[in-house]
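This report concerns only the one structure given below.
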Amino acid sequence: MADQLIRATAADGGIRAVGAITTRLTEEARQRHQMSYVATAALGRTMTAGLLMASNMKRTGSRVNIRVKGDGPLGGILIDAGLDGTVRGYVGNPAVELPPNAKGKLDVGGAVGDGFLYVVRDIGYGYPYSSTVEIVSGEIGDDVAHYLVTSEQTPSALVLGVFVEPSGVTAAGGLLVQVLPKAARDEALIETLESRVAALSGFTPLLQAGKSLTEIFQDLLGDMGVNIFSETQMLRFHCGCSFDRVLGALKMLGEAELQDMIIKDNGAEATCDFCGTVYQASSDHLAQLIVDLQAESSATR
């Protein structure tokens with residue numbers, strides 16, 4: 001099934017739900033970064049969470065950045081997700097692997113460790129909104145839900161999953177259900193939602209059982225007047241890096257540093273952290289940057 005996202009409401013607009021399938025983009029990230037099982041699960045969950053959060057933004061160009069900075073061997077996670085359905089990300093130590101946790105699951109919490117989760121919402125204009133919360137479990141879903149409740153005051157349930165086999169990622173995705181202000185005082189509604197979400201065996205088992213996002217919404221919210229939006233948004237791993245951007249970054253090093261790189265290395269190599277693409281700048285490229293810097297310096301005199 002193609003990577004996709006759908007939205008729904010229920011309880012006369014008092015509940016907002018978003019579901020996403022992210023199997024292919026998580027597998028692409030695994031291949032790009034040559035990640036272990038636990039690193040793939042950690043990054044896949046975080047990318048899915050970012051896409052679910054970005055889907056509720058309004059302005060074209062809006063994006064969400066999530067940084068998970070723990071003291072575990074994973075070395076941190078950083079993702080960038082957009083309202084347009086694109087996402088990219090990486091982990092600090094893609095090769096780390098740990099034994100299964102007490103539940104026999106991939107030990108994402110152990111790989112992440114204790115620390116903080118940072119969220120930046122860029123709404124497309126003005127200053128981005130940023131907030132920081134403590135990591136509560138390191139399992140990503142609990143941590144992002146904790147952020148939504150404490151920083152955005154929105155009761156939220158978040159279910160994330162990544163299933164990795166020796167052949168690669170075979171199922172990944174997530175579900176975000178939020179109680180909006182108009183229903184926030186309905187304690188019975190919140191308790192019902194919490195119990196239903198808690199009763200889910202996870203998200204990937206639903207995908208492996210052949211459930212579509214629409215069927216998952218119907219099972220969870222069908223008796224609450226669920227309204228599933230007709231639009232299906234396609235999702236993909238995408239990084240906006242380019243050779244021109246690399247040259248722009250190199251140019252900022254200044255004439256002396258560029259000259260030193262020409263003499264010592266006969267060029268420069270740069271790797272994009274987000275997608276793993278390697279860019280090679282020859283000595284001729286660097287020499288041209290020096291010419292450009294000299295020309296700009298003369299123009300300002």
Side-chain angles (χ1 to χ4, degrees), residues 2-9 15-29 32 41-69 76-91 117-133 139-162 172-180 203 213 216-217 228-241 273-275:
D3 288 350
Q4 58 190 264
L5 179 147
I6 66 172
R7 302 168 177 84
T9 58
I15 295 173
R16 176 171 61 202
V18 190
I21 296 174
T22 57
T23 306
R24 294 183 181 180
L25 66 88
T26 303
E27 170 61 12
E28 180 172 347
R32 283 180 174 273
L43 182 60
R45 292 180 191 179
T46 312
M47 290 193 299
T48 301
L51 287 166
L52 292 172
M53 291 172 62
S55 71
N56 292 324
M57 301 176 80
K58 304 299 182 184
R59 191 181 180 92
T60 300
S62 297
R63 302 196 71 81
V64 171
N65 292 327
I66 301 176
R67 181 186 292 273
V68 182
K69 192 173 182 180
I77 309 167
L78 178 61
I79 71 95
D80 169 55
L83 177 61
D84 61 357
T86 62
V87 67
R88 58 181 183 162
Y90 65 95
V91 301
L117 180 145
Y118 306 85
V119 176
V120 177
R121 285 185 179 269
D122 184 349
I123 59 175
Y125 65 93
Y127 290 104
Y129 168 80
S130 61
S131 184
T132 304
V133 296
E139 295 291 334
I140 308 303
D142 297 336
D143 306 302
V144 174
H146 174 61
Y147 158 79
L148 291 169
V149 172
T150 58
S151 293
E152 300 191 4
Q153 289 78 51
T154 306
S156 305
L158 183 60
V159 182
L160 303 170
V162 175
L175 175 68
L176 173 62
V177 182
Q178 297 182 293
V179 179
L180 302 181
F203 194 80
L213 293 175
I216 293 171
F217 281 161
I228 301 174
F229 297 178
S230 59
E231 179 188 3
T232 297
Q233 182 179 24
M234 307 312 293
L235 307 174
R236 64 191 177 101
F237 187 100
H238 172 73
C239 185
C241 68
D273 289 332
F274 279 107
C275 68

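What you see below is based on every heavy atom in this structure, not just the backbone, and it leaves out hydrogens, waters and symmetry mates.
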Review point. Within the distance-only criterion (no hydrogens, no angle test), does the side chain of E152 pair as donor or acceptor with the backbone N or O of V149 below 3.5 angstrom?
Key: no
Revision key, fill the gap. Of all heavy-atom pairs linking A17 and F217, the shortest is CB-CE2, 3.8 Å
Exercise for review: Rounded to the nearest 0.5 Å, what's the gap from CZ on R45 to OG1 on T26? Could you check?
Suggested key: 11.0 Å
Check your understanding: Taking all non-hydrogen atoms of both residues, which atom of L235 and which atom of A20 are closest, and how far apart?
Key -> CD1-CB, 3.9 Å
Exercise for review: Give the minimum heavy-atom separation between S151 and S131, together with the two atoms involved.
Suggested key: OG-OG, 2.7 Å
Study note, to complete from the structure: Between R32 and C275 the two heavy atoms that sit nearest each other are NH1-O, 3.1 Å
**Study point:** Chi angles and distances behind the side chain to side chain contact (heavy atoms under 4.5 Å, CB included) call for N65, Y118
**Key:** CA-CA 8 Å; N65 292 327; Y118 306 85; over 6 Å; no
Check your understanding: If you look at every heavy atom in T23 and A172, which pair is closest and at what distance?
Key -> OG1-N, 3.0 Å
Practice item. Show your reasoning for whether side chain to side chain contact (heavy atoms under 4.5 Å, CB included) applies to R67 and L78. Key: CA-CA 4 Å; R67 181 186 292 273; L78 178 61; 3.7 Å; yes
Check your understanding: Does a side-chain heavy-atom distance below 4.5 Å link V133 with D143?
Key -> no
Review point. Given the rule in the side chain to side chain contact (heavy atoms under 4.5 Å, CB included) test, do D3 and F237 qualify, once you have shown the distances and angles that lead to the verdict?
Key: CA-CA 10 Å; D3 288 350; F237 187 100; over 6 Å; no
Between side-chain atoms of residues 51-58 and protein atoms elsewhere (two or more places apart, or another chain), which donor-acceptor pairs fall under 3.5 Å?
{"residue": "S55", "atom": "OG", "partner": "L52", "partner atom": "O", "Å": "2.6"}
{"residue": "N56", "atom": "ND2", "partner": "Q178", "partner atom": "OE1", "Å": "3.4"}

Check your understanding: Would a 4.5 Å heavy-atom cut-off, applied to side chains only, mark T9 and F229 as touching?
Key -> yes
Review point. Can you tell me how far the CZ atom of F274 sits from the CD1 atom of I79, to the nearest 0.5 Å?
Key: 8.5 Å
Review point. With L117, which of V144, T132, I77 fulfils side chain to side chain contact (heavy atoms under 4.5 Å, CB included)?
Key: V144
Exercise for review: Write down the atom of G85, the atom of Q233, and the distance for their closest heavy-atom approach.
Suggested key: N-NE2, 3.3 Å
Check your understanding: So how far is it from D80 CG to M47 CE, rounded to the nearest 0.5 Å?
Key -> 11.5 Å
Practice item. Just do the side chain to side chain contact (heavy atoms under 4.5 Å, CB included) check on L213 and I21 with the steps written out, would you? Key: CA-CA 8 Å; L213 293 175; I21 296 174; 3.9 Å; yes
Review point. Should the heavy atoms of other residues, nucleotides or ligands under 6.0 Å from CZ of R121 be counted, would the total exceed 12?
Key: yes
Point to revise | Atom pair CG/CD of L158 and E139 - distance to nearest 0.5 Å | key: 12.5 Å
Review point. Got a second to check how far L176's CG is from L148's CG, nearest 0.5 Å?
Key: 6.5 Å
Review point. Just how far is it from atom CG of D142 to atom CG of L160, taken to the nearest 0.5 Å?
Key: 9.0 Å
Exercise for review: Check for a donor-acceptor pair, side chain of E28 on one end and backbone N or O of H238 on the other, with a separation under 3.5 Å.
Suggested key: no
Check your understanding: Considering the options V162, L43, V68, which one meets the side chain to side chain contact (heavy atoms under 4.5 Å, CB included) requirement together with I140?
Key -> V68
Check your understanding: Under 3.5 Å, is there a donor-acceptor pair between the R63 and T86 side chains?
Key -> yes
